[in-house]
There are 2 protein chains.
Amino acid sequence: MKRPTIADIARRAGVSKGAVSYALNGQPGVSEATRQRIVAIAQEIGFNPNSAARALSGASARAVGLTLSRPARILSIEPFFMGLISGFEAELAARSYALTLQVVATPEQEVEVYRRWWGERRIDGVIVTDLRENDVRIPVLQKLQLPAVVIGGPGDTGKIAQVWSDDAGAITETVRYLTALGHRRIARVSGLPGLLHTQTRTRAFNDVCAALGLNEALTVPSDYTGEEGGRATRRLLIGADRPTAIIYDNDVMAVAGLAVAQEMGLAVPGDLSIVAWDDSPLCSLVHPPLTALSRDIAEYGAHAARELLAAIDGKQVSNVEAGTAHLTPRGSTAPPR
Amino acid sequence: MKRPTIADIARRAGVSKGAVSYALNGQPGVSEATRQRIVAIAQEIGFNPNSAARALSGASARAVGLTLSRPARILSIEPFFMGLISGFEAELAARSYALTLQVVATPEQEVEVYRRWWGERRIDGVIVTDLRENDVRIPVLQKLQLPAVVIGGPGDTGKIAQVWSDDAGAITETVRYLTALGHRRIARVSGLPGLLHTQTRTRAFNDVCAALGLNEALTVPSDYTGEEGGRATRRLLIGADRPTAIIYDNDVMAVAGLAVAQEMGLAVPGDLSIVAWDDSPLCSLVHPPLTALSRDIAEYGAHAARELLAAIDGKQVSNVEAGTAHLTPRGSTAPPR
DNA sequence: CTCCACAACTTACCCGGTTCAGTAAATCTC
DNA sequence: GAGATTTACTGAACCGGGTAAGTTGTGGAG
């Protein structure tokens, strides 16, 4: 089957290619009657502009890129990214932008992917996740002048816009809630310590614990996997002064922690309270259901997509806070026995 | 920053554009010495061919499409798709094909996306998941002559290649295992009943149960969500002749089922044995860890990607079986009390 | 010494849109 | 009613690669 082109439309309408282009793009230069005739023909023959031709003649590629930089075994189970993708997609599809995805292993490889995408003119912008300290990706994006939006922060990204959520506020709220319940020994199992938002959370956790006079604010670094989260939990629970509450940096580790507690014969929430960051259906699924810090991840993603599209359109975008997490108490938190 | 083009390389090498194109694509028509000089310059200035220009001049777009057709709340938690994506990606990245993703709500919308992608010449082929009976997508793909690979089946897809796993064999093995443990009342909570592989599983389940003389082979249709899975489990367990074993069509429903059993005071595996289809880290995370039907989903995806790339290259591809699931016994199955 | 084959290029056009510089006719202006 | 402006187009260049067809220059065969 042959793809229809504007030349086909031009022939049928008895006008030139240029007129068709103006008509379909809502540019001035054609009469309203002609425009409607052309649009009707385009509709009738099922015309879609060839994206390559469009991209080639200076316009945008109408596509944005996203790299996923976690190992496959984490990606497959971590609901966060899929939620984020769903959110992007809703926004991108509405403006018929395509989403191009690539899984990478390291930040260096990710930079290479950006360079290639840019060189190939395959995408108009990228969404960057998991901001790190002195992130190698930022200077490259700036040099390439590739429109970008960073998710996670706040951090130093120069002119590149950031979308971030108030992690410090959320963790402060959580610790206050747990101490209100009567907990004095609160621990935390964190995500990858290299990530900026992990550091933000750790700092805020230490601060609020100090402010409340809790002197055993222990953060055990982990890597978002269930295995590591379980191991970290076991290490926390075998000590003499075991914590009565643990906050986890993602839902997967929290669920793993719950399993470890049950395996060790500890009652949840009787002997141990558990709070999961990022709520997901997973948290309501287990027994008892987990108290969680909920935020609308899809909306978070949609927000980032909107910012990126604005940046691509050349608008000045600034850092915005979106989707602050709020505590959703469920069955896994209670006063300590 | 300006993107380097073959014209830039040609100028620096003192040859014509055509010579550069031949040299970089390994075509005959340039001497080995010139080729090396050109390749060296391309490397030095970080040249990447403009994908739009390439796609426009008849070559391929070097991209494939994938639509995700489950609601966001399922996608976010269902590890299957992310596993599949990781597998594709590994294969696609190796041949520097891009993956374009779109989330859709209905098969009709999906068909529209295929039409648009085809019209825009955005992709060279698509991967189709969740084959249904009399699937509306198949005739469209055939008419557009868009290279495609179907995951799931076997079913009637004409010339479009299929990659499928032996679901019937896997469920037969599982039922045999459970009866060997002594179970006589085995139930099943299935996925979406419209999907072809759900029907295949149901038929095989009924067959093996009949063959083994189990006359209460009940399949409760569900939709892969935890909520529905939990509800289906509750319905099964409140009956007088409640099953002593339940097989779930995905891991999320199995985990939800486990929570329901625990909530109802039933011991797993003492009072109820649970088997999850598709293993994932989630299954090992809960307590007790779930016996599961494991298969290498990433490899399954990689296989599909290889088939698709072969189809794009114009090679004749045939239906292949890949990644048959095998039973991984863990703590959730035991002889009934 | 001529003719031919072949390697090693160059030239020029193609893909399908976008866009700018023209142009002819219609409308406005005084 | 002549000149200025506006409208509604057309024609052609352009984006950056791919590639068929044409042009050299060299070496070998006869």
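By convention in this document, chain letters (A, B, ...) are assigned in the order of the sequence lines, proteins followed by strands, and residues within each chain are numbered from 1.
- Residues meeting the side-chain contact (heavy atoms from CB on, under 4.5 Å) test with A:S165, sequence neighbours left out: A:D167, A:R295, A:Y300.
- Put simply, CG on B:N25 is 15 Å from C1' on D:dA20, counting in whole angstrom units.
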Next on the checklist: For nucleotides 4-15 of chain C, give me one character per nucleotide, 5' to 3': B if any protein heavy atom sits under 4.0 Å from the base, S if the only such contacts are to the sugar-phosphate, - if neither.
Outcome noted: ----BBBB---B
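- Atom CD1 in A:I6 sits roughly 6 Å away from atom P in C:dT18 (whole-Å rounding).
- With 3.5 Å as the limit, one finds no donor-acceptor pair spanning the side chains of B:Q27 and B:R35.
- Taking five base pairs at each end of the helix from C:dC1-D:dG30 to C:dC30-D:dG1 and finding the rotation axis that steps the C1' atoms of four pairs onto the next four gives two axes whose angle is 50°, to the nearest 10°.
- B:V64 has its side chain out of reach of B:F88: every pair of non-hydrogen atoms, C-beta onward, lies at least 4.5 Å apart.
- Taking atom CZ on B:R122 and atom P on C:dG16, their separation rounds to 16 Å, with Å as the unit.
- Atom-to-atom, CD of A:Q27 to P of D:dT10 comes out at 16 Å; the value is rounded to the nearest Å.
- Counting heavy atoms of neighbouring residues, nucleotides and ligands inside a 6.0 Å radius, atom CG of B:D313 exceeds 12 of them.
- At a threshold of 4.0 Å, the pair B:E120-B:R115 does not count as salt-bridged, since none of the basic side-chain nitrogens sits closer than that to a carboxylate oxygen.
- For B:L24 and D:dG18, the CG to C1' distance is 12 Å, given to the nearest whole Å.
- Using a cut-off of 4.0 Å between Lys/Arg side-chain N and Asp/Glu carboxylate O, B:E44 and B:R12 are scored as salt-bridged.
- Contact annotation: A:R54 reaches the phosphate of C:dT18 (side-chain N/O to OP1 or OP2, under 4.0 Å).
- Contact check on B:D135 versus B:R132 returns no salt bridge, with no Lys/Arg side-chain nitrogen under 4.0 Å from an Asp/Glu carboxylate oxygen.
- For B:Q102 and B:T67, the side-chain atoms include no donor-acceptor pair closer than 3.5 Å.
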